[in-house]
Structure formats: structure tokens, C-alpha cells
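Report on one structure; see the data block that follows.
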2 protein chains.
Amino acid sequence: MTIRVIIVDDQAMVRAGFAALLSAQADIDVVGEAPDGALGIEVSRRTHPDVVLMDVRMPEMDGLAAARALLDPPVGVVHRPKVLMLTTFDVDDYVYEALRAGASGFLLKDAPPADLISAVRVVAAGEALLAPSVTRRLIADFAQQRPAPRRNRSLRLKGLTPRETEVLELIARGLSNQEIAGRLVLAEQTVKTHIGRVLAKLQLRDRAQAVIFAYESGLVAPGS
Amino acid sequence: MTIRVIIVDDQAMVRAGFAALLSAQADIDVVGEAPDGALGIEVSRRTHPDVVLMDVRMPEMDGLAAARALLDPPVGVVHRPKVLMLTTFDVDDYVYEALRAGASGFLLKDAPPADLISAVRVVAAGEALLAPSVTRRLIADFAQQRPAPRRNRSLRLKGLTPRETEVLELIARGLSNQEIAGRLVLAEQTVKTHIGRVLAKLQLRDRAQAVIFAYESGLVAPGS
DNA sequence: GACGACCCCCTACGGGGGTATGAGCCCAGG
DNA sequence: CCTGGGCTCATACCCCCGTAGGGGGTCGTC
């Protein structure tokens, strides 16, 4: 199964170079090219590539907007290619935007040719790959922005027994006492007892505050 | 300038293999080995390597703890190597922990030898590098975790009046009806009316679920 | 002016939530 | 062995919460 690739870049020579490089691989077919984002989308819709190589900077519609359009397609468009962003400069603002949009990778154009080829394969396989400098920034951002699931948690949450923690989590899921009892196969009164202990230990007043604590402590997280 | 590397892995054969592979490179010197985390730290302190190849799973002190110790050294220890984590399995829990601790990379042991070599160079240069599957997860996590202030919010939250939104936020702060009434200078019954409307509009059952909605929608955020 | 929003407040009531107290069971550790 | 912690459940009570079903006020807008 060959990997179908299109190349979107405003410089014809760059397109030609990448095309030559990739076409030389037995498992890669370059099935289209385009000089800007708008045309790139068009070509993508027509050729249904597995991977779109997309330059960040382009006239008309830039790579970011094009990537967003491809990765969040309008209703009726079923095809959704992987997008591998390329850039000449090491511009970080664009990186985050592109990743948020759902791009599968971000490479610098000065990377070794072998890297580009393997990147195409990696991305086609559904994985992701970033330029090392980008990776470093992403990790730094990641590490800094959530310095371990809150310290608060281990402190106060530690006083709770396993059962109590379990009940607290179900409270934080919005279940009533009756529902919790059903889920855990308990009498409702037992649930109440557990909740009572939880509230006492954590010095909370009611289940609403318990929900807050669950979120603030990291026991449950938004979107989980 | 050659890159000084030590290898920390509990399997002697793995150490030997990596050492042979890396030593064959003109710019890489393997200056030490250790079979577990504790000894790895010791060797690192003595040999001052540029890069520590660290297996995740090891007896005694595992790779995570060792990485943390190396990357957050006690006072008086000036040397701080780059840490490149290695793992046989694709275990994601460890990945995040390691990255948080400050590791510069995360590779699977089944990666091509060339990848390991280039990874060592990349890491030594101060950049970072992850296995493609890890990269994918990190990106997904990054993109999902802040897809621009939640889409959900604008949708459902839009139906609420300013006053209702205000009341909802106070609920999410853990206030009782009476307290909300006091804060907003209202009769308690008025608060109840507002809450009733909020619950109806958002199709929630009680204030606990309202708290959940407030967090999930981004109306309030943990740590704020 | 009428109409629709948003806001404020009332009485009344049922049910769920939280508290208090006590008791029985199992199990690990001293 | 027996003590203590964790888990379970019961009975009884209070009150906050949420709902139902009203009334009245101020705005804008048609």
C-alpha cells in the first residue's frame, strides 16, 4: 500500500525537490501539488492523499488556515488527511496553532532528507513527529504548565479510604446517593455514611463543595 | 567534542548492545554503565556524562525516580545531564511523569538503531526527541486540553442570562443559596428561582451537577 | 401601548441530602 | 488474642434544596 502525498508550497523549486525526493521511495507516491493553501485544499479534495505536506508561509491562504480547513472539514467531506507542516524558520507561534488544529507533525526544511521521508511514513501510520527544537518547547510547555497533578491532592486526599475516594469520584460525576448505591451495590445509607466521612475529613459542607474539591485536587479533571 | 554517555539498564545484554552501537560512532563515548537507578545516579555523579540513557523499568530504583533525582539535583551538585528515557513497552503513564521530571526524550527500544544514535546527538545538543507514538499522544493531549476556551461553553452557556450565569458561578464556588443571596443582595427565594432556571436550561438535576457543568464548560477552571 | 426579556419576590411542599448514634462484620498487626 | 480501622447498615431527625405556581417591577422593541 503506497502512501499518497501532496505537496503545498509556494516555491516551485521546493515542490519539485520534495517531489523528486519522495517519489524515489517505493512506498510513496506524490499525487499532487499546489502553490497555496486554497488550491491545496482543492487538490486534496480531488486526490484524497494520505499525507499533505504543507508549508506554513504562503500567499493567499497560509498553511495554518489551510490545515484547519483540512482537519476540520465541513459536513459532507469524509476525507481527512494527515497534515505535516513544514517551515523554513523556527517560528514557535505557528507551531502551537498548527498542533491545536490537529497537524500530525512539524518539520524544519533544513532537516536531513531522510528525516522528511521517515516523517511521511510515520505520519501516514497515524503517529506524529516533530522537529527536535519543537519537541523541546512542547515538552517544556507541558512540564511547566502542569507541575504534577496538584500537591494539594496527596495532602488532603490521603486521609480518605479507598471506598471514600471512590464515592467522592462518583459524586463528582454527578450521581445521586441512590445512583451511587446502585453502582457500588450498597445501601443508600452506607453511601451517606461514606459521604459524611468524606465531608468531615475534607472539611466540606455539602456535595457541591465535594465536586469542587474533586476538580481542584485533580481527582477528576475536565474533559475526562 | 565527543558526547559522553552512560547507560542505565538492568539487562546486561541490552547495555552491551547499546554500548557497542554508540561506541562505534566517532562522536560518542560510552563512559559508564549501571544496572539500576541508584547505581546510575552514582555513576552519573562520578563520570559527569552529557547524556544518560535510562531504562524505565528497573529493580531497586526505577528509571523515573532516578531521572527525577538527576534532573532535580540536591544542593551542591552542579552537574545536570540530559536524560533520554527508554522503554520496551508503550506505557503512557510513565511518559508524562518522565517529561514532567524534565527528561529530554522518550524512545522505544524497538526503534531503529539509527534513531537511537541520532537521538543521543539531538539530546546532547539541548533539543528533545520523542518516539512517534509518544509525540502523537503529547500533541493530542496538548491540543485537546486547550482547544481554545471550550466549544461546549458558548453553545449551552449562551442560553443563560447574565444573572443566571453569575449565580451559576457562585454555585461553582461552593456557596449555599443563603450565601449567594447575601453576596448578591437578594432574597434566598430569588436565588432559588435563578437556580431553577439554570438547571432547567442546562438540563441538570441539582447543584452538584451544576458545579460539574461549570468546570466542564470552562466557566470556572481549577486553580482559579 | 403591548409585548417579551429579564429580574425580583412570595407561599407552600415534598424529597433528597446531611447528621447523629449505634451496631455488626472482617481482617491485619501488635 | 484482641484491638483498631475499614466497610456495611439501621433508625431517626432536620433542613436545605428544588419545584410549583403564582405576582409585580423595569426595561427595550415592535
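Residue numbering restarts at 1 for every chain, and letters A, B, ... go by the order of the sequence lines.
- Nucleotide dG6(D) holds its P atom 15 Å from the CD atom of E166(A), rounded to whole Å.
- With F213(A) as the partner, the side-chain contact (heavy atoms from CB on, under 4.5 Å) test is satisfied by one option alone out of L219(A), I171(A), L168(A), V198(A): L168(A).
- Atom-to-atom, CD of Q209(A) to P of dC16(D) comes out at 14 Å; the value is rounded to the nearest Å.
- The nucleotide whose nearest atom lies closest to any side-chain atom of L186(B) is, among dC8(C), dT19(D), dA20(C), dC8(C).
- A salt bridge is absent between E179(A) and R173(A): the closest approach of a Lys/Arg side-chain nitrogen to an acidic carboxylate oxygen does not fall below 4.0 angstrom.
- Look at N177(B) and you'll find a side-chain N or O under 4.0 angstrom from OP1 or OP2 of dC17(D).
- Salt bridge present: R163(B) and E166(B) bring a charged side-chain N and a carboxylate O closer than 4.0 Å.
- In the set dT8(D), dG17(C), dG18(D), dG18(D) carries the atom at the smallest distance from any side-chain atom of R207(B).
- The residue E179(A) sits apart from the nucleic acid: no heavy atom pair falls under 4.0 Å.
- Between H194(A) and dT8(D) there is a side-chain polar atom (N or O) within less than 4.0 angstrom of OP1 or OP2.
- Among the nucleotides dG18(D), dG17(C), dT11(D), the one closest to any side-chain atom of K192(B) is dG18(D).
- Using a distance-only test at 3.5 Å, with no hydrogens or angles considered, a donor-acceptor pair links the side chain of D206(A) to the main chain of Q209(A).
- Remark: P of dC6(C) and CD of E164(B) are 7 Å apart, rounded to the nearest angstrom.
- The side chain of T193(A) places no N or O atom within less than 4.0 Å of a non-bridging phosphate oxygen (OP1 or OP2) of dC9(D).
- For the OP1/OP2 pair of dG18(D) and a distance below 4.0 Å, the side-chain nitrogens and oxygens of R205(B) include no atom meeting the criterion.
- With dC9(D), dG17(C), dC7(D) as the choices, the nucleotide that has an atom nearest any side-chain atom of E188(A) turns out to be dG17(C).
- Ion pairing between E97(B) and R100(B) holds under the 4.0 Å rule for side-chain N and carboxylate O.
- Nearest nucleotide to the side chain of R163(A), out of dT8(D), dC17(D), dG18(D): dT8(D).
- At dC9(D), one or more side-chain N or O atoms of T190(A) fall inside 4.0 Å of OP1 or OP2 (strictly under the cut-off).
- Which of dG17(C), dC7(D), dT8(D) sits closest to the side chain of T161(A) comes down to dC7(D).
- Side-chain atoms of I195(B) lie closest to dG18(D) of the nucleotides dC9(D), dG18(D), dG18(C).
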